[in-house]
Amino acid sequence: MNKTTKWIAAVAATTLMIACGQREADKQQYALQESGWNQPGDATIYGLACEGCNDSTLVLLPRDGSDPIHFSIIDATKGGRIYGRPKLGDQVGVVPNAEDSLKGDIVVDIDQLKGIWCYIVLPKLKNFEDVSDRQKERLVAAMEDSIRETYYIPREYGFAMLRNWVAQSVGYVRETAFDEESPVVYPQLGYFTEWHLWNGKLIVTSGSPQIGEDNTTTVVDLVDDTCNIDFLQGDSLVLSSGGVTRSYYRKNSMDEVNQKAREVAEKLRRQALENTKQ
């Protein structure tokens with residue numbers, strides 16, 4: 001073997017070692033990235049939507065870097081079980097059919113599911129649990145306009161689904177002692193911490209925040225709420241859980257919603273303070 005041949009062989013061996021080392025590094029990085037994707041019992045296959053997707057076929061590049069999978073989604077499309085409109089490069093979850101692994105039963109566009117989702121809530125009169133809805137409507141109608149304008153203020157509630165499965169409450173306001181003086185009460189908004197997909201369903205985790213002496217927040221009594229995704233298209237999302245269905249609309253800024261919520265809460269607290277002085 002001449003010097004040139006030895007040199008070429010040495011370069012080839014070095015290149016192969018580097019390539020193998022890079023593949024091992026990629027595997028380690030992938031293992032880190034995989035954390036939080038498939039929850040126990042979740043058969044969903046996650047990956048990226050590839051070129052060739054249409055109403056009958058979804059081409060998915062799995063997150064493990066294996067060859068693209070061509071899923072038949074004809075039945076899912078007809079049955080309205082395509083949530084979002086997968087585009088090239090979108091992160092997508094596909095729930096395969098139990099009998100035919102190349103048939104997708106449910107498709108969720110994760111990138112389109114992410115974001116800030118809100119809905120409108122109205123307060124209710126306190127201490128009227130035993131009053132019928134019709135009587136409540138009459139009582140509200142009999143209120144002076146000034147009182148209705150003061151207390152019956154719509155608020156935006158919701159949650160944000162962020163990267164790395166982090167969730168945050170939107171429109172959350174801490175209660176104070178003055179809230180007890182108000183004649184109305186708003187529905188309780190959960191303090192959301194994380195979210196996941198599980199076999200085509202959305203799981204949102206919430207709990208009770210506790211403020212420590214060092215002003216840090218700890219969330220206790222965590223509860224998972226499993227929701228059916230009934231609709232996802234553009235700026236509209238519909239979820240159902242426990243027999244209750246709720247429609248959401250997309251927002252662009254958490255700060256905007258939270259600021260408005262604080263303004264409404266502050267207005268009610270000032271009014272409650274005035275009432276205590278009378």
Do you know which two heavy atoms are closest between [X] and [Y], and how far apart they sit?
| X | Y | value |
| --- | --- | --- |
| P86 | G84 | CD-O, 3.6 Å |
| G190 | S169 | O-OG, 2.6 Å |
| P96 | D105 | O-OD2, 4.1 Å |
| S56 | I74 | CB-CG1, 3.6 Å |
| W165 | L197 | CZ3-N, 4.2 Å |
| P154 | I120 | CB-CG2, 4.0 Å |

Below 4.5 Å, heavy atoms only, C-beta onward: do [X] and [Y] meet side chain to side chain?
| X | Y | value |
| --- | --- | --- |
| M161 | Q168 | no |
| L189 | F159 | no |
| H70 | V59 | yes |
| N228 | T245 | no |
| L162 | K114 | no |
| L237 | I229 | yes |
| F231 | S236 | yes |
| Y46 | N38 | yes |

Spell out, as yes or no, whether a donor-acceptor pair under 3.5 Å connects the side chain of T217 to the backbone of P209.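 Side chain of T217 to backbone of P209: no pair is present.
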Polar side-chain atom of D42 near backbone of N199 as donor-acceptor pair, under 3.5 Å: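 Pair found, side chain donor or acceptor close to backbone of N199.
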Pair listing, salt bridge (Lys or Arg N to Asp or Glu O under 4.0 Å) test, anchored in residues 225-238, at least two apart: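 Listed by first then second residue: D235-R250.
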Contact list for residues 76-101, test salt bridge (Lys or Arg N to Asp or Glu O under 4.0 Å), sequence neighbours left out: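 Found K87-D90.
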Is there a path of hydrophobic side-chain contacts, each under 4.5 Å between heavy atoms of I/L/V/M/F/W/Y residues, joining [Y] to [X]?
| X | Y | value |
| --- | --- | --- |
| V121 | L239 | yes |
| V108 | W37 | yes |
| Y249 | V204 | no |
| F192 | I110 | yes |

Does S253 have any side chain to side chain donor-acceptor pair (under 3.5 Å) partners at least two apart in sequence or in another chain, and if so, which?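 If we apply the side chain to side chain donor-acceptor pair (under 3.5 Å) test to S253, skipping adjacent residues, there are no hits.
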Who pairs with Y157 by side chain to side chain donor-acceptor pair (under 3.5 Å), at least two apart in sequence or on another chain?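 With neighbours one apart ignored, the set is empty.
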Out of curiosity, [X] [atom1] to [Y] [atom2], how far, rounded to the nearest 0.5 Å?
| X | Y | atom1 | atom2 | answer |
| --- | --- | --- | --- | --- |
| S206 | Q188 | OG | CD | 9.0 Å |
| E156 | I116 | CD | CD1 | 10.5 Å |
| K201 | S241 | NZ | OG | 9.5 Å |
| I211 | T216 | CD1 | OG1 | 7.5 Å |
| Q39 | I203 | CD | CD1 | 6.5 Å |
| L88 | E51 | CG | CD | 6.5 Å |

Residues clustering with V107 (ILVMFWY side chains joined when closer than 4.5 Å, directly or via others):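 Joined to V107, directly or through intermediates: I45, L58, L60, I69, F71, I73, I82, V92, V94, L102.
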Not counting sequence neighbours, which residues clear ring-ring contact (aromatic ring centres under 6.0 Å, His included) with Y119? List them please.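 Scan of Y119 (ring-ring contact (aromatic ring centres under 6.0 Å, His included), adjacent residues dropped) gives Y248.
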More than 12 heavy atoms of other residues, nucleotides or ligands under 6.0 Å from CG of N252: yes or no?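 Open: at most 12 neighbouring heavy atoms sit under 6.0 Å from CG of N252.
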For E194 and V166, what are the C-alpha separation, side-chain angles and deciding distance, and is it a side-chain contact (heavy atoms from CB on, under 4.5 Å)? CA-CA 4 Å; E194 59 183 279; V166 173; over 6 Å; no
Just do the side-chain contact (heavy atoms from CB on, under 4.5 Å) check on W195 and L113 with the steps written out, would you? CA-CA 11 Å; W195 66 284; L113 182 61; 4.0 Å; yes
CA sep, side-chain torsions, deciding dist, call: T205, D224, side chain to side chain donor-acceptor pair (under 3.5 Å): CA-CA 4 Å; T205 303; D224 290 337; 2.6 Å; yes
